[in-house]
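Not measured: the values here are computed from a predicted model.
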Amino acid sequence: MFQRLFGRERHANRAITDALYAQIVAAARQTVFYSHWNVPDTPLGRFEMLSLHMFLVQHRLRGEDGVAQEIAQVLIDEFFLDVDHSLRELGIGDVGVPKRMKKLAKMFYGRTAAYDDALERNDHDGLTAALARNVRPDAAAWAEASRLSDYVADARNRLAAQPCRAIVSGTVTFPLAQEADR
């Protein structure tokens with residue numbers, strides 16, 4: 001009986017989080033990131049962009065009550081399940097996945113703390129440096145980091161303007177990366 005009562009709500013939230021997650025993934029896969037802004041089109045580069053977009057949604061939902069917090073948690077759970085699945089698709093065995101997942105989780109939370117700090121202080125240079133350090137650690141200088149920083153600030157502002165009820169209904173809108181390409 002309890003499963004029937006609570007299962008429907010969980011199923012409805014699942015459809016919403018699936019829709020939101022698909023929109024987050026689509027935003028992270030904008031080709032301009034990889035073709036014009038020199039984000040590495042590698043599993044790690046795609047992880048960085050997906051992490052960044054996941055952070056932006058989590059940042060938007062922080063402080064909201066009720067269903068928004070539930071959806072934020074389910075989105076994080078889905079993100080890490082997707083990362084786990086991707087590792088397995090890359091051929092990482094059952095023994096190696098937990099170790100790599102722990103490392104990737106530490107990377108995700110470290111990055112989100114740096115991005116959050118820079119956004120809260122409206123520190124464009126700090127955000128640019130954090131993005132460059134995380135997305136292109138191999139590059140001495142990454143000119144497009146400033147463009148990505150502009151995109152992140154724009155995305156944060158646009159997400160903040162979106163009503164929470166729209167997001168918890170399954171719609172989140174990110175800017176097009178070209179819009180920040182100056």
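Pro175 and Gln30 get closest at one heavy-atom pair: O-NE2, 3.4 Å. The two residues Gln69 and Gly63 make their nearest non-hydrogen contact at NE2-N, 3.9 Å. When all heavy atoms of Ala177 and Val32 are compared, the pair lying nearest together is CB-CG1, 2.6 Å. Taking every heavy atom of both residues into account, Gln58 and Leu75 meet most closely at NE2-CB, 3.9 Å. Closest non-hydrogen pair, Gly126 versus Ala118, comes out as C-CB, 4.0 Å.
Using a distance-only test at 3.5 Å, with no hydrogens or angles considered, a donor-acceptor pair links the side chain of Asn157 to the main chain of Ala153. Between the Asp116 side chain and the Thr112 main chain, no donor and acceptor come within less than 3.5 Å of each other. Judged by distance alone, the side chain of Ser149 and the main-chain N or O of Ala145 form no donor-acceptor pair under 3.5 Å. At distances below 3.5 Å, at least one donor-acceptor pair connects side-chain atoms of Gln23 with backbone N or O atoms of Gly170.
Both Leu44 and Leu148 sit in one connected hydrophobic cluster of ILVMFWY residues. Membership requires side-chain heavy atoms under 4.5 Å apart, directly or through other members. Side-chain heavy atoms closer than 4.5 Å link hydrophobic residues (I, L, V, M, F, W, Y) into clusters, and following such links, possibly through other members, connects Ile76 to Ile71. In the hydrophobic cluster analysis, where Ile, Leu, Val, Met, Phe, Trp and Tyr join through side-chain heavy atoms closer than 4.5 angstrom, Ile24 is grouped together with Tyr109. Cluster membership check: Leu159 shares its hydrophobic cluster with Leu20, using side-chain heavy-atom separations under 4.5 Å among Ile, Leu, Val, Met, Phe, Trp and Tyr.
The neighbour count for Arg29 CZ, taken as heavy atoms of other residues, nucleotides or ligands under 6.0 Å away, does not exceed 12. Heavy-atom neighbours of Arg165 CZ from other residues, nucleotides or ligands within 6.0 Å: at or below the threshold of 12.
Annotation: ring pair (Phe, Tyr, Trp, His ring centres under 6.0 Å) contacts of Tyr115 (sequence neighbours excluded): Phe55. The ring pair (Phe, Tyr, Trp, His ring centres under 6.0 Å) test applied to Tyr34 returns no partner, not counting sequence neighbours.
For the pair Asp41 and Ser35, the minimum side-chain heavy-atom distance is 4.5 Å or more. At least one side-chain heavy atom of His124 sits less than 4.5 Å from a side-chain heavy atom of Asp150.
A ring-centre distance under 6.0 Å is not found for His53 and Phe79.
The pair Glu120-Arg62 meets the salt-bridge criterion, since a charged nitrogen lies less than 4.0 angstrom from a carboxylate oxygen.
One finds the CG atom of Asp77 at 9.5 Å from the OG1 atom of Thr17 (value rounded to the nearest 0.5 Å). Atom CG of Asn122 and atom CG of Leu127 lie 10.0 Å apart (nearest 0.5 Å). Atom CG of Leu61 sits about 11.0 Å away from atom CG of Leu56, to the nearest 0.5 Å. Expressed to the nearest 0.5 Å, how far CZ of Arg60 lies from SG of Cys164 amounts to 5.0 Å. From Met49, atom CE reaches atom CG of Leu131 across 8.0 Å, with rounding to the nearest 0.5 Å. Taking CD of Glu78 as the start and CE of Met54 as the end, the distance is 8.0 Å to the nearest 0.5 Å.
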Quiz prompt | Criterion salt bridge (Lys or Arg N to Asp or Glu O under 4.0 Å) on Arg111 and Glu48, from CA distance to verdict | solution = CA-CA 9 Å; Arg111 283 152 171 67; Glu48 292 294 345; 2.8 Å; yes
Quiz item: For Asp154 and Arg156, what are the C-alpha separation, side-chain angles and deciding distance, and is it a salt bridge (Lys or Arg N to Asp or Glu O under 4.0 Å)?
Solution: CA-CA 5 Å; Asp154 186 27; Arg156 186 241 350 235; over 6 Å; no
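At a cut-off of 3.5 Å, with distance as the only test, no side-chain donor of Tyr151 or Glu144 sits close to an acceptor on the other residue.
Screening Tyr21, Phe47, Phe108 for a ring-ring contact (aromatic ring centres under 6.0 Å, His included) with Phe80, the sole residue that qualifies is Phe108.
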